[in-house]
Amino acid sequence: MPTPLKAAVKSGAVVSKAGAASYVKFSDKLTGSINDIVKIIEQHKEMIDSIQEIALELTSSIGSLHTLTVKYARTANGILDVLLPILKNLPLIPKNIMQMLVNLESLTQKIIDNEAATSKTIMDVRSGLQTGDANKLKAHAGQLQNVTRTIAAIIPKQG
């Protein structure tokens, strides 16, 4: 079994002598570790870059879906704002249909109310991805989770 000193020499660390005692320089060990990290990053560079590109495309897709959703939510909300007062006074409209329309109006209003926060989060995440700013992405991860929770709360439960 090799001694720790021999193992250090084999790993490329420089062994120095200070008086009678031998030691491995920390700087040499750290340099070896950094070189290993660089090799790992280089080996996985293509995958890391692909993940970033996919994330950018996903934020673009989510942004487009959000824009489309808000556009149609505004249209539906405008129609319901006119129709609901009229329909409430018509005895021919079944209560369950009326309730469905009221729920739809509430749903569209929630989408509209969350438009600014959702748009800002999407733009902030995209900016972090474009600049490769991991700290910015970490900061916006919580915002993105809030957007996901808000959307999940708006989605009608299937039952």
Side-chain angles (χ1 to χ4, degrees), residues 7 11-13 24-159:
S11 70
V24 175
K25 289 186 177 183
F26 289 130
S27 61
D28 293 329
K29 281 196 102 166
L30 290 174
T31 302
S33 296
I34 291 170
N35 289 335
D36 289 344
I37 292 168
V38 169
K39 286 177 191 171
I40 291 169
I41 291 171
E42 286 174 357
Q43 288 171 351
H44 295 91
K45 181 185 182 334
E46 193 173 312
M47 182 179 64
I48 293 166
D49 292 345
S50 294
I51 291 169
Q52 182 181 14
E53 289 172 18
I54 289 170
L56 280 163
E57 285 304 315
L58 285 171
T59 56
S60 291
S61 297
I62 290 168
S64 296
L65 285 171
H66 178 252
T67 300
L68 182 67
T69 301
V70 170
K71 177 183 177 182
Y72 286 105
R74 286 187 191 284
T75 301
N77 195 273
I79 292 168
L80 290 167
D81 284 347
V82 172
L83 279 181
L84 280 176
I86 296 168
L87 294 177
K88 284 181 181 176
N89 294 321
L90 292 177
L92 301 173
I93 306 298
K95 288 192 186 298
N96 63 338
I97 299 294
M98 198 61 206
Q99 187 58 51
M100 183 182 72
L101 293 172
V102 168
N103 292 346
L104 181 59
E105 195 276 335
S106 174
L107 174 72
T108 59
Q109 190 60 54
K110 287 177 186 175
I111 292 168
I112 293 165
D113 291 346
N114 287 293
E115 176 188 13
T118 301
S119 292
K120 181 182 181 327
T121 299
I122 291 168
M123 288 187 305
D124 289 346
V125 168
R126 183 164 182 77
S127 172
L129 286 167
Q130 286 174 320
T131 61
D133 188 339
N135 289 328
K136 194 173 197 177
L137 289 173
K138 283 182 191 176
H140 297 299
Q143 287 178 322
L144 197 54
Q145 289 169 346
N146 287 340
V147 167
T148 302
R149 280 193 293 273
T150 300
I151 292 170
I154 292 172
I155 297 171
K157 306 287 186 269
Q158 297 295 326

- Evaluate the side-chain contact (heavy atoms from CB on, under 4.5 Å) criterion for residues Thr150 and Thr118: first the C-alpha distance (whole Å), next the side-chain angles of each, then the deciding distance (0.1 Å), finally the verdict. CA-CA 9 Å; Thr150 300; Thr118 301; 5.8 Å; no
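- No donor-acceptor contact under 3.5 angstrom links the side chains of Thr131 and Lys136, judged on distance only.
- By the 4.5 Å heavy-atom criterion applied to side chains, Leu90 and Leu87 are counted as neighbours.
- When atom types are taken as modelled, the side chain of Ser119 and the backbone of Ala116 share no donor-acceptor pair closer than 3.5 angstrom.
- Between Ile62 atom CD1 and Ile122 atom CD1 the span is 6.5 Å, to the nearest 0.5 Å.
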Indicate every side-chain donor-acceptor pair of residues 94-102 with a distance under 3.5 Å to a residue at least two apart or in another chain.
| unit_1 | atom_1 | unit_2 | atom_2 | d |
| --- | --- | --- | --- | --- |
| Gln99 | NE2 | Asn103 | OD1 | 2.9 |

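- Of the inter-residue distances, the one linking Met47 atom CE with Ile51 atom CD1 reads 5.0 Å to the nearest 0.5 angstrom.
- Minimum heavy-atom separation, Ala73 to Ile111: CB-CG2, 3.8 Å.
- Between the OG1 atom in Thr121 and the NE2 atom in His140 there is a gap of 8.0 Å [rounded to 0.5 Å].
- A donor-acceptor pair under 3.5 Å links the side-chain atoms of His44 to the main chain of Ile40, judged by distance alone.
- Summarising the geometry, atom CG belonging to Leu144 is positioned 10.0 Å from atom CZ belonging to Arg149; distances are rounded to the nearest 0.5 Å.
- From Thr31, atom OG1 reaches atom NZ of Lys25 across 11.0 Å, with rounding to the nearest 0.5 Å.
- Although no hydrogens or angles enter the test, the distance criterion places a donor-acceptor pair under 3.5 Å between the side chain of Thr69 and the main chain of Leu65.
- Distance check: Asp36 CG to Lys39 NZ gives 5.5 Å after rounding to the nearest 0.5 Å.
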Show me, pair by pair, the donor-acceptor contacts under 3.5 angstrom made by side chains of residues 74-86, not counting sequence neighbours?
| unit_1 | atom_1 | unit_2 | atom_2 | d |
| --- | --- | --- | --- | --- |
| Arg74 | NH2 | Glu115 | OE1 | 2.3 |
| Thr75 | OG1 | Lys71 | O | 3.1 |
| Asn77 | ND2 | Glu105 | O | 3.4 |
| Asn77 | ND2 | Glu105 | OE2 | 3.4 |
| Asn77 | ND2 | Thr108 | OG1 | 2.8 |
| Asn77 | ND2 | Gln109 | OE1 | 3.4 |

